[in-house]
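Here the structure is laid out as structure tokens; the discussion comes afterwards.
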Amino acid sequence: MTTLRYAYYPGCSGLGTSKEYDMSTRAVCEALGMELIDITDWSCCGSSPAHTVDDRLAGALSARNLVQAGDIEGVDAIITPCPSCLANLKTARHRLQKPEFRAEVNKLLERPVHGDILPVKSVLQAIVEDVGMEELRYRVRTPLKGMSIAPYYGCIMNRPPKIMEFDSHENPMALDNILEALGATVAPFNLKVECCGASFGVARRDIVERLSGKLLNLAAENNAQAMVTACPLCQMNLDARQNQINVANSTNHVMPIFYFTQLIGLALGFSQSQMGLEKLVVSPRELLAGAAG
Amino acid sequence: MKIGVFICHCGSNIAGTVDVAKVAEMAKSLPEVAFASDTMYACSEPGQEGIIGAIKEMGLDGAVVASCTPRMHGPTFMRTVARAGLNPYMFEMANIREHVSWIGKDKEANTAKALDLVRMAVAKLARNKPLFAKSFAINKRVLVLGGGVAGIQAALDCADGGLEVVLVEKTTTIGGKMAKLDKTFPTVDCSCCILGPKMVDVAQHPNITLYASAEVDEVNGYVGNFQVKVRKKPTYVDWKLCTGCGACLEKCPSKKSPDLFNELVGTTTAINIPFPQAIPKKASIDAGSCIKFKTGKCGICAKVCPVKAINYEMEPEIVTEEVGAVIAATGYDLMDWTVYEQYGGGRYKDVITSLQYERLLSASGPTGGHIKRPSDGKEPKTVVFIQCVGSRDKSVGRPYCSGFCCMYTAKQAILTKDHIPDSESYVFYMDIRAPGKMYDEFTRRAMEEYGAKYVRGRVSMVYPSGGRYVVRGVDTLAGTQVEVEADLVVLAVGAEGATGAAHLAEKLRISYDAYGFYMESHPKLKPVETNTAGVYVAGCVQGPKDIPTSVAQGSAAAAKVLALFSKDQLQSDPQVSSVDLKRCVGCMKCAMTCPFGAIKEQEVRGEIKAQVIETMCQGCGLCTATCPQGAIQLQHFTDNQILAEVNALLASELEETQG
Ligand SMILES: Cc1cc2nc3c(=O)[nH]c(=O)nc-3n(C[C@H](O)[C@H](O)[C@H](O)COP(=O)(O)OP(=O)(O)OC[C@H]3O[C@@H](n4cnc5c(N)ncnc54)[C@H](O)[C@@H]3O)c2cc1C
Ligand code: SF4
Ligand code: SF4
């Protein structure tokens, strides 16, 4: 198999709140024959605040990373695990096709954008499209038999469809297909692309408690034993705030929230600690012990 | 040659942005022009009289009218010129409204362009020759395509008018969508009870030949003389023998065949008669589901049929019919709503289409008229209707209103209450569009008497939860989000042209729009004509409409055919190609390009030459452009005439650069 080479953009949460996402991504990608080359001296993509304030500033923050990525030899795409980074990088790339916007942004940059920009993909898209489900299925060592998991994509992985250009924006199937390839049971879950409350966790916790609560309720109602996400923010709201959500809604969910890369890793034969499972707030230990036994 | 030029004001339509007096003044200076004037409304009676007067007084040989589009008034002025005693082809029109005054506001530029167009028309007219139409006989039989209510009405009206009618229906029974409906708005009378008798009339009318389970393969010829190849699809039952007794249906072991008549709610037998009132009431085999066709075993129907009508070896049969006119009434289909992933995209069993719901309501439907959820057969207590699914929604490429959904949704909400008195209905709508007679009253009744809860706003998503469905939408009047838990969700799916409509239109050589609906000749004044003479449209084939309008159009199309056939002879358009035999070298390149097959070979004194079949030539001019010898010329648009126009245009350009 030829090696796939990517410019890798871990994003800030990859260094902090979602370290286990970054860890598992790196490990899984290597195992799947995807070579990740970190973008040198990458900076913030401009997530939440920048694009709400000034689209040129947001464009420039992302553009800087796109330019840095352009220095890497022999890669076909930039990939990032985080949908928020993805959205910013893709939006910037999209807007930079327009000469006027490019000129405005270039005014703010030390190294201006010239010529073509590498395509940007999520790690999820790269695994689904470049590696493929057949290859993934072939590499599974310990199938996740008997585990029923709800696939949750969050609201920005596939939206707006004209910019994200990946999967259906109403009924995406990428995570479903991965779960299936790993041998897990896909729990019926129709709030796939609902918002978890995103960064309202800080300003209006009640919104997160309501929206994320709904997601946990539906997953539990459909007998999911865990949920799988591809977004650091979704994961944090559902996992770290699960207790707050339970208190606010008088529920008592004990629902582990995995990153999809962690599940792939487990199926490929990595250990729980290699996948950073101890970093999850709601412990999956019992679930995994049950599945193993 | 003495030419008269008449510049029309068209009220302020033209005079507002063109200096008409100046155009007339300058036209006078053209060498062939003997008379020029401007006139308020050239098409009005005094306007036409003015033209006639000038022609007679001045002894003019031809007239140019500079006004609106020739599509609108070309024939009007040709008649005017003829009334003045000239050949109608000694007339030219310059379109200074659509091509000039309506598209620019700069009066000076407009005036200059108007003058150019007049100059071109004069140059062409100077080379016009009188043309004479020929007469040909008409075959007074009519072909009706599609046996929905519109087609049925057209066929019956034509047949009652004494015409022989050939009715071709794609499926195994006539009746179209109306036969599938339970009750019809705004009177809530049983659909099949009012349609059934008409269907029987079709079967019994001595003037109507019905080909069900048949489609048109090829259409050749021209108004008055079409040859149509009809392909009768094999039904594997000899309909001459079949009595419709139904013995085969009872014994057929393949009971899980898709039931198309019931819109796939429920299943049927591989050999079946679509519904009790079907016309013709004959059985046919769905080869895709039949065990005999799939495995070679079974053959039970052949054994039980008392009249030995089953024939597994049946082949398609082609019959050729000669007709003088065609009425296309092939109706509509629902758009593929599975693109609405947010409503389940076909994944949730209890999210169904409006037409499926009609089948659930219908006493002859798969549930015997009891509303039962497809998933578990339970009676729903809360039904949510979502309107405008695939209508007025640019995001799925359907910007237009499907016209009848507001009304049938109200009807379905009323019927739901009738069937299940303790049920609740919610209707998510965008606007209520109910402009017909008694229509607004009807939708109000659904709300006020039947208590249907109308919520104005789109639904954002539907998802199953705990055996029910959460319907989440917005109430734009209250300005809030709403969530309703439903047992059954009914989607008012929008209409588009029938499957295969584009294909059929190409065979008929008529235009269709991006959604598969056929184009009428004029949206206001020629609603059932098409741009191909002798081809008419009726019903939803032209655009979504309700039953009353479909029926009215069926009758209108029939009236048009009866008027056409009231003459024994039709006049052919003399604007056709003709071959100069001395120049023609017989390469037959023209025949290869002619899209209408109007050119054939002939032998003239031992040499091959081209010959134009005048009745088939549509005057498109492709051959003229192809002929390397310039031997084939389109009458009224010869190379010389077109070059004269170009020269006239360039002459003014030259003047400008030199002057
Ligand atoms: C759910 C629903 C409920 C409705 N309820 C009402 C109501 O209560 N009252 C009302 O006024 N209107 C109602 N309507 C509208 C009504 O269905 C139409 O007005 C009517 O059916 C139009 O008739 P038609 O003959 O033009 O087309 P159709 O009914 O579509 O008939 C067309 C016929 O042509 C045939 N055909 C198609 N292609 C070909 C081909 N290539 N060759 C030969 N045959 C072909 C078809 O098989 C069909 O038999 C409703 C519509 C829907 C969707
Ligand atoms: S193309 Fe012209 S020259 Fe050739 S056969 Fe036709 S008319 Fe004659
Ligand atoms: S004018 Fe058109 S239709 Fe007539 S013969 Fe020529 S190509 Fe055929």
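- In this structure, A/Glu221 and B/Gly466 approach most closely via the heavy-atom pair OE2-N, 2.9 Å.
- Atom CD of B/Gln481 has 12 or fewer heavy atoms from other residues, nucleotides or ligands within 6.0 Å.
- The 12-atom threshold is not exceeded at CD of A/Glu134, counting heavy atoms of other residues, nucleotides or ligands nearer than 6.0 Å.
- Electrostatic pairing of B/Arg472 and A/Glu194 counts as a salt bridge here, judged by a charged N lying under 4.0 Å from a carboxylate O.
- Surrounding NZ of B/Lys255 are more than 12 heavy atoms belonging to other residues, nucleotides or ligands, all under 6.0 Å away.
- Nearest heavy atom pair, residue A/Leu218 against residue B/Pro464, reads CD1-O, 3.8 Å.
- When heavy atoms are compared at a cutoff of 4.5 Å, B/Tyr348 approaches chain A solely by way of its side chain, counted from C-beta outward.
- Heavy-atom contacts from other residues, nucleotides or ligands closer than 6.0 Å to CG of A/Asn243 number 12 or fewer.
- Atom CD in A/Glu170 sits 7.5 Å away from atom CD in B/Glu341 (nearest 0.5 Å).
- B/Lys378 NZ: 12 or fewer foreign heavy atoms inside a 6.0 Å radius.
- Looking only at side-chain heavy atoms (C-beta outward), B/Arg347 and A/Asn171 come within less than 4.5 Å of each other.
- Taking CG from A/Asn222 and OG from B/Ser465, the interatomic distance works out to 7.0 Å, rounded to the nearest 0.5 Å.
- At most 12 heavy atoms of other shown residues, nucleotides or ligands fall within 6.0 angstrom of atom CG in A/Asn252.
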